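Below: one structure, written as structure tokens.
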Amino acid sequence: MLVSDFVATSGRVAALSRRVEKIAALAAILRRLSPAEVQIGVDWLAGRLRQGRLGLGPGVVAEARRASPSVAQPALTLGDADAVFTEIARASGPGAAGARRAALGGLFARATDRERDFFARLLAGELRQERIEPVMIDAVARAARVPPTSLRRAVMLAGDAAEVAKAALLEGALGLQRFSLQLLRPVQPMLAQSADDVATALSELRAMALEWKLDGVRVQAHKAGDEVRVFSRGLGPVTKAVPEIVEIVRALPVRSVVLDGEALTFRAEGPPHPFQVTMRRFGRAHDAAALRAELPLRALFFDVLHLDGEDLLDRPGSERTAALRQVLDRSLRVPRIELPTAAEAEAFFADALARGHEGVIAKSLAAPYEAGRRRGSWLKVKRARTLDLVVLAAEWGTGRRRGLLSNLHLGARDPSAGGFVLLGKTFKGMSDEVLAWQTQRLLELEIGRDAGTVYVRPEIVVEVAFEDVQASPRYPGGVVLRSARVRRYRPDKAVEGVSTMVEVRAIHAGALAREAAEKGQAEGGGEELEEDG
DNA sequence: TTCCGACAGTGGGGTCGCAAT
DNA sequence: ATTGCGACCCCACTATCGGAA
């Protein structure tokens, strides 16, 4: 198939708004692909390249556009372009950037304008915007004449829609049977929705358990015989970065197992390191041995998806936990209580925070492992802190926020210096209405601007929610807010009432956490609330 | 007809590795 | 050596649309 035909048809699909029409149109394209083109086409339709990310940013693409004129007569096939992408993906070492530029330039020299636009968006990942994946699944099911439900399940287990689509299109329903959970191949992890507080979580789930929410990196560990592989939340391979986890899982007295958990590092005194410290262990190819001694990584697991030949995905949460207890020692499991009373739940939450963790996750005892979905059967509850901060500047938004001042620069008062200290930025929490209002209001207060940023007189106060204060090498005060978002504007509040750096540093020092711990100690006499109901 | 779940869009913070400077 | 960029980790919130109720 010619790229130009493909682009034209997929463009028509994107323009359709009705789901059923999209499905029919996509199915029509899929039927026209030759067996060799199926995987290429399915990936492109989903906005991906089967070669993965190519490391070509918008600058390189723009350069390729300028380097040569486009052609008028389309001649490129899917296979031609795919071969170039493979060549680009293979380039490495010194001079690789030049080779990639040359290869892309060669491709663009043979492409029409529309094809260039398509490639540019494909390389930038922009084609993913079209919410194509769920539609694609239905389209593939239709083109391959297999039931959509069995296709959806296969995609969930394979974690790779293109491969499943290829199997369905070329082999039909029989091809789909391969995609039961496969050892050493990652499954989309189950995700949690947010809940405001523990009481809400309790009322939304009937029979439930609570677990600590740890601030680390999600890991899915597979063991098949002596072979162990570990994957991240995005299904990336992280086996090399986590040797101590590999050793522990390999030594488990089971033939095969798939575990879901969180990996993090701890300080000598007990509490966990901040997330950014744990992240040092997750460089892609670095030598973990050197870091291992000074920054040992621990995994705490909370779920088991497969055990000795049996898939447990569809079993209720309580059964999976029972299986987990069979396999893992307590020190390898995330602390958990089942069927807590309201008071027990609150105490468990407070204890988790006092120990330096993010909060808790409430889990239905009945729910299966819903891979890849963010559903109500897992609810995370975290502590939200707030400060009143002043707006120092704002950046122009992009996309649907073009023409609006979107990203706010937030400052705290610094009484000692007599000014304001930049504490972070946020674009979260504003409705379209607020966005329009703040654009107008901030422009009234403008005192200068540079590329993309409008600086304003520090007069507007905004209540900001955030997760924590973390150390920052970049920010002037040495600290930055993590996950800041606007709660509401405070027109009633004058700048003199803005939170001070003294408060901010107190939070950063963990003073509040220590207070809470001491309080908890005094009230509950709480020793080792380590788990098990 | 209204309600609700899923998801895209909009970027925030960080770390590493790699290539260019 | 330093700098800049891209790939990935973590993150929250709003708007919107199709399907469920």
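Please read all numbers here as calculations on a predicted model, not as lab measurements. Lettering of chains follows the sequences in order, A, B, ..., and the numbering in each one begins at 1.
- Per the geometry, NZ belonging to A/Lys428 stands 16 Å off P belonging to C/dA15, to the nearest Å.
- Within the 4.0 angstrom heavy-atom criterion, no nucleotide atom of any strand lies near A/Asp215.
- Put simply, CG on A/Leu404 is 10 Å from P on B/dG11, counting in whole angstrom units.
- Rounded to whole Å, atom C1' of C/dC9 lies 13 Å from atom CG of A/Leu235.
- Side chain to side chain, A/Ser406 and A/Arg401 meet the donor-acceptor criterion of an N or O pair below 3.5 Å.
- Each of A/Gly98 and A/Arg400 was matched to the nucleotide of DNA chain B holding its nearest heavy atom; the match closer to the 5' end belongs to A/Arg400.
- Between the CG atom of A/Asp468 and the C1' atom of C/dA12 there is a distance of 15 Å, given to the nearest Å.
- Both A/Asp432 and A/Ala484 lie near DNA chain C, and the one whose nearest nucleotide falls closer to the 5' end is A/Ala484.
- In this structure, A/Ser406 reaches the sugar-phosphate backbone alone: every heavy-atom distance under 4.0 Å involves primed, P, OP1 or OP2 atoms, never a base.
- Remark: C1' of B/dA8 and CZ of A/Phe427 are 13 Å apart, rounded to the nearest angstrom.
- Proximity note for A/Tyr475 (side chain, C-beta onward) versus B/dG12, C/dC11, C/dC9: the nearest is B/dG12.
- In this structure, A/Gly216 reaches the sugar-phosphate backbone alone: every heavy-atom distance under 4.0 Å involves primed, P, OP1 or OP2 atoms, never a base.
- Counting to the nearest Å, the P atom of C/dC11 and the NE2 atom of A/His357 are 15 Å from each other.
- Pair assignment for B/dC7 gives none, since no Watson-Crick or G-U wobble pairing has each distance under 3.5 Å.
- In this structure, A/Tyr475 contributes its side chain and A/Leu422 its backbone to no donor-acceptor pair below 3.5 Å.
- Listed candidates were B/dG14, B/dT10, C/dA12. Nearest to the side chain of A/Val480 is B/dG14.
- Shown are A/Asp215, A/Asp468, A/Leu214; of these, the side-chain contact (heavy atoms from CB on, under 4.5 Å) with A/Phe275 is made only by A/Asp215.
- Put simply, the residue from A/Arg218, A/Lys380, A/Glu370 that forms a side-chain contact (heavy atoms from CB on, under 4.5 Å) with A/Leu191 is A/Arg218.
- In this structure, A/Thr426 reaches neither bases nor backbone, as no heavy-atom distance under 4.0 Å exists between it and the strands shown.
- For A/Asn407 and B/dG12, the shortest distance from a side-chain N or O to OP1 or OP2 is below 4.0 Å.
- Judged purely by distance below 3.5 Å, without hydrogens or angles, the side chains of A/Asp260 and A/Tyr369 pair a donor atom with an acceptor atom.
- Of all nucleotides listed (B/dT15, C/dC10, B/dG12), B/dT15 comes nearest to the side chain of A/Pro473.
- Salt bridge status for A/Arg65 with A/Asp117: present, with a side-chain N to carboxylate O gap under 4.0 Å.
- Between A/Lys425 and A/Val277, the residue whose closest nucleotide on DNA chain B is further toward the 5' end is A/Lys425.
- In this structure, CZ of A/Arg101 is placed 12 Å from C1' of C/dC5, rounded to the nearest angstrom.
- Within the 3.5 Å criterion, the main-chain N or O of A/Ala412 finds no donor-acceptor partner in the side chain of A/Ser499.
- Out of C/dC9, B/dG14, C/dT14, the shortest distance to the side chain of A/Ser232 is found at C/dC9.
- Between A/Arg280 and B/dT15 there is no side-chain polar atom (N or O) within less than 4.0 angstrom of OP1 or OP2.
- Distances were taken from every side-chain heavy atom of A/Arg401 (C-beta onward) to each of C/dT14, C/dC11, B/dT10; the shortest belongs to B/dT10.
- Here the nucleotide nearest the side chain of A/Glu358, chosen from B/dG12, C/dC11, B/dG13, is C/dC11.
- For A/Gln276, whose side chain is taken as the heavy atoms from C-beta onward, the closest listed nucleotide among C/dC11, B/dT15, C/dC10 is B/dT15.
- Among the heavy atoms of the strands lying under 4.0 Å from A/Arg474 is at least one base atom, whether or not backbone atoms are also near.
- Mapped onto DNA chain C by nearest heavy atom, A/Ser431 and A/Leu214 fall at different nucleotides, with A/Leu214 at the one closer to the 5' end.
- In this structure, the nucleotide among C/dC11, C/dT14, C/dA12 sitting nearest to the side chain of A/Lys213 is C/dC11.
- If you take CG of A/Leu481 and P of C/dC10, they are 21 Å apart, rounded to a whole angstrom.
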